[in-house]
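Quick caveat: nothing in here was measured; it's all calculated off a predicted structure. The chains referred to below are lettered A, B, ... by the order of the sequence lines, with proteins before strands, and numbering in each begins at 1. The figures that follow rest on heavy atoms only: side chains count, while hydrogens, waters and symmetry mates do not.
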There are 2 protein chains.
Amino acid sequence: MGLKTNINKRNLPTLEDVALDANVSTATVSRCLNEPDKVSIDTRERVLEAVKRLQYAPNFGARAIAANRTGIFGAVIPTMENAIFARGIEAFQKTLVASNKTMFVASSAYDRDLEELQIRTMVARGADGILLIGTERNADIYDFLKERNIPTVVAWARSTNKDQSFVGFDNFNAARQLMTKALELGHQSFGFISAHTKMNDRARERVLGATAALQDIGIDPTSMPVIETEYSIDCGREACRKFIIGKRRPTLIMCGNDVLAVGAIQEAQDAGLNIPQDISITGFDDIEIAKVISPGLTTVHVPHGEMGQKAAETLLSLVEDSSRATQLTLDTHIVERKSLGPTSF
Amino acid sequence: MGLKTNINKRNLPTLEDVALDANVSTATVSRCLNEPDKVSIDTRERVLEAVKRLQYAPNFGARAIAANRTGIFGAVIPTMENAIFARGIEAFQKTLVASNKTMFVASSAYDRDLEELQIRTMVARGADGILLIGTERNADIYDFLKERNIPTVVAWARSTNKDQSFVGFDNFNAARQLMTKALELGHQSFGFISAHTKMNDRARERVLGATAALQDIGIDPTSMPVIETEYSIDCGREACRKFIIGKRRPTLIMCGNDVLAVGAIQEAQDAGLNIPQDISITGFDDIEIAKVISPGLTTVHVPHGEMGQKAAETLLSLVEDSSRATQLTLDTHIVERKSLGPTSF
DNA sequence: TTAGAAAATGTAAGCTATTACATTTCCGCC
DNA sequence: GGCGGAAATGTAATAGCTTACATTTTCTAA
């Protein structure tokens with residue numbers, strides 16, 4: 001006891017070494033590490049001490065082989081530099097860690113092929129389950145995941161497929177409600193600054209929601225020009241500029257996300273406009289920056305953290321209980337700050 | 001022949017399935033895949049056909065055990081919600097993907113024990129190398145990593161250990177230079193709002209750098225009170241409030257990072273102070289928000305993305321060439337915006 | 001007490017691919 | 001035809017862990 005009892009190829013301690021050191025069977029050591037509740041406190045302490053003394057860490061390959069799973073979960077997101085995903089992924093990871101899992105992260109940069117590659121790589125590296133953002137991707141990647149029995153959860157959007165688990169919210173109706181509120185405040189001319197909608201179902205639904213609100217009260221939706229641009233403050237500025245110098249300046253610029261809205265606010269202010277007296281601007285997401293900007297940004301609050309957490313829980317239950325698809329729609333609400341006001345005519 | 005001969009738990013073909021299908025032993029199949037020259041052409045063709053028909057792909061765990069390498073790299077960061085790490089990790093990941101590697105991410109929430117757990121978990125899950133933030137941690141975790149032959153790179157800080165690879169910058173001197181600039185503008189009373197320094201060498205060095213600048217010109221450094229707080233805008237506000245209502249209001253509040261500085265600016269403005277006429281405020285990091293806030297935040301620009309990229313390159317070369325420790329110090333520079341001005345007395 | 005249930009622990013089979021070693025097949029040549 | 005040795009192929013040990021099932025210990029309640 002206390003001595004290293006066995007030297008293997010790698011010169012690293014194995015489960016058996018720990019078992020010998022703690023004077024228990026390998027099964028008990030394994031349980032200590034994986035299901036500590038099933039081991040008495042006494043034994044557990046002895047084993048963990050041996051683990052510590054020998055600096056034991058399980059061999060990954062062996063574990064993966066024996067357990068037929070790795071404890072690794074993947075998340076493929078568009079980018080980590082977007083605060084909404086950063087927050088969601090942070091919560092996703094925290095939830096996984098609480099279940100003693102580890103997280104892969106890869107970013108797809110909104111590129112469909114790159115996303116597919118990232119997914120395949122994660123599967124090849126042993127991911128037990130995968131978190132995806134949005135539903136928009138080639139059918140064969142879904143087939144691939146199905147064939148290999150890798151559960152997936154879609155987040156930040158909702159799927160129409162009954163067998164696809166998701167944790168999302170209603171982008172369409174949230175945008176519609178926000179526009180409806182603006183209409184009640186008397187706005188009659190509009191511009192929309194959106195992220196690129198081609199590969200991004202969330203962005204698209206937000207535009208469509210706003211459009212629907214216009215139609216609801218009989219306004220021709222084509223009277224609202226939509227500018228699609230990149231996700232950055234400067235792109236928001238540029239788009240806003242186009243609206244401001246256009247022949248008919250809108251009284252409301254609705255933005256598909258807060259980052260674009262912040263750019264729009266800055267550009268409008270630089271052009272000498274008062275917000276919201278001269279022009280109203282709204283965002284979507286409610287990230288930190290929405291509170292920092294002056295005036296405060298009226299936007300749609302999305303529970304990003306909760307989404308990440310629920311996504312992890314869903315994925316865990318899919319893997320562990322191989323339960324049926326879970327579909328979860330979270331609530332959003334409008335956060336009224338100062339950037340949306342009544343028209344002053 | 002031609003039928004799936006064996007059904008296992010995973011319902012995926014194994015070497016044995018291929019062997020049965022091709023009517024050879026598993027050894028021959030393995031040889032076909034790894035050393036085809038050692039197999040007769042006849043047999044080889046038959047085996048490869050079976051491989052194709054059954055859609056066989058080698059099992060990841062088994063392969064990991066054999067190769068003793070996974071192609072997975074880990075990053076343990078304090079939090080993903082901090083834009084500086086988000087940017088760094090994004091670049092880190094991009095660089096890894098270019099080499100066909102996959103990234104683990106875990107956050108430690110600035111908790112030493114949690115960080116240690118995350119590191120051990122990543123090793124247990126097969127990480128070939130690990131990125132760490134800062135140098136502050138227990139010696140035994142370094143021993144553990146060394147014993148297991150897991151290369152590590154420290155980022156966002158520099159190590160005094162000759163054998164420890166790092167990609168960092170000089171927190172101390174950057175802060176010192178910023179304070180020196182403030183002194184040249186005539187400031188004479190100071191406050192410092194810092195992140196908690198206990199577990200955070202970067203925060204500590206920034207305070208020490210500012211202190212050193214005071215000493216450089218003979219000011220008693222204890223005349224600058226330091227408030228330590230959490231990383232959030234609201235905590236920055238609260239700390240700023242204490243300085244403002246204190247008996248001797250500083251002319252300069254230096255903040256250990258941009259987030260605290262943004263909170264400080266907002267609080268000062270709410271108290272009716274003009275920045276920088278009544279009070280100057282500086283940040284550190286140069287994240288997006290520094291440009292958004294009004295007035296623009298004078299801060300220290302840190303090349304976060306470059307740091308992540310270089311860290312990945314360093315780690316890859318450590319694993320692949322098992323080369324010696326690489327130590328890299330990146331440049332920072334002061335970004336002058338509007339929140340630091342001359343004293344008006 | 002003690003039967004019986006519950007909790008703790010142990011035994012050993014199994015997961016998949018590699019590979020040292022054993023066996024079979026093939027071929028050339030006397 | 002038969003022998004030696006190379007080439008081809010097969011057998012089975014091995015890697016380090018998990019886990020179903022078996023056994024032992026502990027606890028509960030009558």
Between [atom2] of [N] and [atom1] of [X], the distance in whole Å:
X	N	atom1	atom2	value
A:N59	C:dT18	CG	C1'	15 Å
B:L15	C:dT19	CG	P	12 Å
A:D42	D:dC27	CG	P	11 Å
B:L20	D:dG10	CG	P	11 Å
B:D37	D:dA6	CG	P	18 Å
B:K38	D:dT9	NZ	P	13 Å
A:R31	D:dT19	CZ	P	10 Å
A:L33	D:dT18	CG	P	7 Å

Side-chain donor or acceptor of B:E90 paired with backbone N/O of B:G305 under 3.5 Å: no

Any donor-acceptor N or O pair under 3.5 Å, side chains B:T152, B:Q164: yes

Pair A:F73 and A:F104, ring centroids less than 6.0 Å apart: no

Check: A:F92 ring centroid to A:F85 ring centroid under 6.0 Å: no

At under 4.0 Å between heavy atoms, what does [X] touch on the DNA or RNA strands: base, sugar-phosphate, or nothing?
X	result
B:Y56	sugar-phosphate
B:V29	nothing
A:S40	sugar-phosphate

Worked verdict on A:N23 versus A:R46 for side chain to side chain donor-acceptor pair (under 3.5 Å): CA-CA 9 Å; A:N23 207 24; A:R46 198 148 34 89; over 6 Å; no

When you check the phosphate oxygens OP1 and OP2 of [N], does a side-chain N or O of [X] lie under 4.0 Å from one of them?
X	N	answer
B:T26	C:dA17	no
A:R63	D:dG16	no
A:T28	C:dG10	yes
B:R46	D:dA8	no
B:S25	D:dT9	no
A:T14	D:dG16	no
A:N34	D:dT18	yes

Counting side-chain heavy atoms from CB outward, which of [options] is closest to [X]?
X	options	result
A:A66	C:dA8, C:dT16, C:dG14	C:dG14
B:A27	C:dT11, C:dT19, D:dC17	C:dT19
A:S30	C:dA17, D:dC17, D:dT18	D:dT18
B:I65	D:dC17, D:dA8, D:dG16	D:dG16

B:R125 atom CZ, neighbour heavy-atom count above 12 within 6.0 Å: yes

Check: A:L330 and A:M307 side chains under 4.5 Å, non-hydrogen atoms: yes

DNA chain D: 5'-proximal contact among A:P58 and B:V39 (nearest heavy atom): B:V39

Divergence of helical axes at both termini of the helix from C:dT1-D:dA30 to C:dC30-D:dG1 - five pairs an end, 10° steps: 40°

Results of salt bridge (charged side-chain N to carboxylate O under 4.0 Å, His left out) for B:E313 - residues two or more places apart only: none

